Amino acid sequence: MAARILIGVMTIVAVGVVFVANGYLTDRFVETTRQRAELRQSLYAGAILSELQRNSVVPLLLARDQTLISALNARDFSASSQRLISYVDEIGAASIRLLDMDGRTVAATDRTQLGSLHAEKPFFTEAIDTTDTVFTLAPNETGAYEANFSRLVRDGTMPLGVLQVQVDLAQFESRWRGTTAAVAVTDAGGTVILSTEPRWRGKSLEEALDQMPVPSALERALASTGAFGPGLEDGWFSSAAFMQMEARVPFRGWRLVSFTSYESVRERVNGVLALIIMGFALALALGFYLLNRRSTLRSLLFQRESVALRRLNDRLSREIAERKRVQEELKETEQSLAQSSKLAALGEMSAAVSHELNQPLAAMKTYLAGARLLLQRRRPEEALSSFQRIDDLIDRMGAITRQLKSYARKGGEAFERIDVREALAAALTLMEPQMRQSRVRLTQAVPDHPVEVMADRLRLEQVIINLVRNALDAMEGMEDPELDLLLTAGEEVVIAVRDTGPGLAEPEKLFEPFYTTKKPGEGVGLGLAISSGIVSDHGGRLTARNGQTGGAVFEVRLPALETRLDAAE
């Protein structure tokens with residue numbers, strides 16, 4: 001009797017919970033669907049605007065391309081199409097064409113268009129009447145609308161031709177067809193220019209909806225859904241079975257309209273209700289189980305499971321602690337190796353630096369003797385000149401010792417705004433004695449303006465010194481060794497070190513730990529591996545290759561300061 005009462009009570013409770021949950025979940029999921037549709041609407045509009053804005057600046061840039069201007073002047077277009085093809089992949093435009101003043105295509109990314117005439121096309125006629133970039137939108141032979149940005153190419157005041165960039169709007173239709181929503185874009189006059197339904201293009205939105213009130217895919221989905229519970233109106237199975245939303249595309253009065261189906265609402269509600277019903281079914285099954293089992297056995301089972309879980313938790317905790325300890329030891333080892341590499345390099349430079357300090361000391365002794373003699377002869381003004389030279393030599397010796405002291409100090413994570421030119425100059429100051437001893441001819445190409453990055457200056461200097469030292473070792477014993485240092489700045493800051501040595505036999509293995517091409521006792525193969533790790537910590541990369549004219553080329557690529565700030569924002 002008690003079991004029957006329990007089953008009856010649980011059945012009534014289950015029906016009530018399902019009834020209430022259906023209404024609540026339906027309202028909640030409808031609102032969620034609406035919010036997702038609004039978000040999708042904003043993303044679609046932003047993508048269209050971004051594509052148009054990105055392509056709008058292309059004609060202005062290419063119209064100033066001296067190669068294209070020269071080709072139009074010389075009527076030599078043998079390399080023009082290839083140049084346009086090199087741009088189209090980076091830009092992402094559908095196509096780029098260059099036309100002469102007769103409207104004839106003289107260069108194009110689609111070589112089949114060469115020689116075609118477009119003198120009557122709007123993008124050509126409007127472009128030659130103005131000096132600004134013009135935008136045209138017109139249907140092609142397939143009914144799809146082509147969007148073009150075009151601009152007059154001029155050499156001074158003389159018009160030479162027209163550059164046309166076609167915007168790839170068809171890509172948006174392809175992306176939108178993968179969703180359950182029907183999407184259309186209208187121009188300022190209300191004409192559909194983009195749509196997931198090709199039959200809508202060229203018509204007003206009202207005409208398109210009159211022909212097809214609900215997209216066929218949505219209609220089939222809604223017809224198979226069916227109603228469940230209260231709160232669903234008959235309008236769900238008519239033209240109100242979808243949610244119509246509009247968003248403004250801030251470009252020439254364009255608007256984006258989407259029609260989102262409610263089919264996912266019914267699926268999600270039914271899924272949750274199925275879980276609720278399953279839960280009650282499991283509860284009933286558990287009730288029968290509990291009625292047929294003694295509470296003592298149940299308690300023992302729970303205790304065994306709890307003990308097993310505690311053991312598993314303890315084992316996982318021990319493994320996590322062990323992993324953390326190993327990671328900390330690995331990090332300390334890496335730091336020790338990096339410091340050892342710096343001290344090894346410092347040891348190699350000590351002899352040359354000692355010689356560099358002996359020269360000022362000898363000169364100071366000479367100047368002091370001369371000053372003493374001048375003072376004895378009552379010529380104090382000339383003696384002061386000797387003292388000034390001595391002071392300059394002391395400053396030079398102090399600069400050398402300060403560089404060595406800062407290089408020997410351990411570097412931390414003191415990232416700061418630095419000028420790469422100063423770091424490069426400081427590294428070369430430390431390596432100057434070795435380069436003079438090796439009789440290396442140094443060539444530098446450094447910008448006149450500051451080249452700033454966010455970096456740990458000491459660690460960056462360590463990388464530069466390691467690359468320069470490796471280059472000197474590679475050119476040891478060669479006649480007329482040359483070392484080229486090139487610093488360039490753009491989206492990335494690139495430090496290139498090129499030598500005239502024998503080159504690299506296995507560039508792909510250079511940055512592996514303990515790989516070295518030096519003789520035993522001259523290196524352990526950790527310098528480049530540590531340098532690569534330092535550059536990676538700065539968000540960059542260290543690469544190596546063989547130069548076209550021989551020798552090896554190492555490049556340190558770091559994100560420029562402006563790039564880092566843009567990424568942070």
Side-chain angles (χ1 to χ4, degrees), residues 341-342 344-360 362-363 392-393 395-397 399-404 406-407 419-451 457 460-489 493-505 507 510 516-519 522-523 527-528 531 535 542-558:
S341 175
K342 291 171 61 176
L346 193 62
E348 293 179 6
M349 291 185 288
S350 61
V353 172
S354 176
H355 176 71
E356 188 72 12
L357 293 178
N358 283 333
Q359 290 179 347
D392 294 339
L393 291 172
D395 290 340
R396 180 182 176 186
M397 294 169 63
I400 294 174
T401 56
R402 282 196 301 272
Q403 290 288 345
L404 290 173
S406 64
Y407 184 72
D419 188 348
V420 181
R421 301 180 305 168
E422 297 178 357
L424 186 61
L428 292 178
T429 299
L430 287 177
M431 295 301 299
E432 182 180 0
Q434 287 182 274
M435 289 189 292
R436 185 182 301 111
Q437 184 178 1
S438 301
R439 298 181 178 178
V440 174
R441 185 170 65 184
L442 176 64
T443 302
Q444 297 187 62
V446 180
D448 296 332
H449 56 83
V451 180
R457 176 168 176 170
L460 182 58
E461 291 179 9
Q462 177 184 354
V463 173
I464 298 173
I465 289 174
N466 188 36
L467 295 180
V468 174
R469 188 174 70 249
N470 286 347
L472 296 179
D473 293 342
M475 297 185 292
E476 184 177 0
M478 300 186 66
E479 295 183 1
D480 298 327
E482 297 181 9
L483 179 63
D484 295 335
L485 296 179
L486 175 63
L487 176 62
T488 57
V493 174
V494 181
I495 307 172
V497 180
R498 187 187 72 84
D499 59 56
T500 56
L504 306 173
L510 282 179
T516 180
T517 58
K518 299 180 180 179
K519 297 179 181 179
E522 295 182 358
L528 288 177
S531 297
V535 176
L542 175 61
T543 61
R545 57 181 172 83
N546 286 312
Q548 295 180 355
T549 59
V553 180
F554 287 83
E555 291 184 348
V556 178
R557 295 182 174 272
L558 299 172

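These figures come from a predicted structure and were not determined experimentally.
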Answer whether the closest heavy-atom distance between the side chains of Leu485 and Ile464 falls below 4.5 Å. no
Quick one: are Thr443 and Arg498 in side-chain contact, heavy atoms under 4.5 Å? no
Shortest non-hydrogen contact from Leu486 toward Ala445: CD1-CB, 3.4 Å
Distance from Asn466 atom CG to Phe554 atom CZ, nearest 0.5 Å? 9.0 Å
Shortest non-hydrogen pair, Ala474 vs Pro502, comes out as O-CD, 3.4 Å
Is there side-chain contact between Asp499 and Pro481, with at least one heavy-atom pair below 4.5 Å? no
Does a side-chain heavy-atom distance below 4.5 Å link Asp480 with Arg441? no
Looking at Ile465 and Ala427, what are the two nearest heavy atoms and their distance? CG1-CB, 3.6 Å
Does the side chain of Val451 come within less than 4.5 Å of Asp419's, by heavy atoms? yes
Distance check, rounded to the nearest 0.5 Å: Ile495 atom CD1 versus Arg421 atom CZ? 12.5 Å
Report the distance from atom CD of Glu461 to atom CG of Leu424, rounding to the nearest 0.5 Å. 9.5 Å
Rounded to the nearest 0.5 Å, how far does CD of Glu422 lie from CG of Leu460? 11.5 Å
Taking the side chain as everything from C-beta on, heavy atoms only, tell me whether Asn470 gets closer than 4.5 Å to Val497. no
Work out which heavy atom in Val463 is nearest to a heavy atom in Val535; give both atom names and the distance. CG1-CG2, 4.1 Å
Shortest non-hydrogen contact from Gly547 to Val553? CA-CG2, 3.9 Å
Val556 and its side chain to side chain contact (heavy atoms under 4.5 Å, CB included) partner, picked from Leu467, Val493, Val494: Leu467
Within-4.5 Å side-chain heavy-atom neighbours: Glu476 and Ser438: no
What is the distance from atom CD of Glu479 to atom CZ of Arg439, rounded to the nearest 0.5 Å? 11.5 Å
Supply the atom-to-atom distance Gln462 CD to Arg469 CZ, rounded to the nearest 0.5 angstrom. 9.0 Å
Taking all atoms of both residues into account, what is the closest heavy-atom pair of Met478 and Gly501, and its distance? SD-CA, 3.6 Å
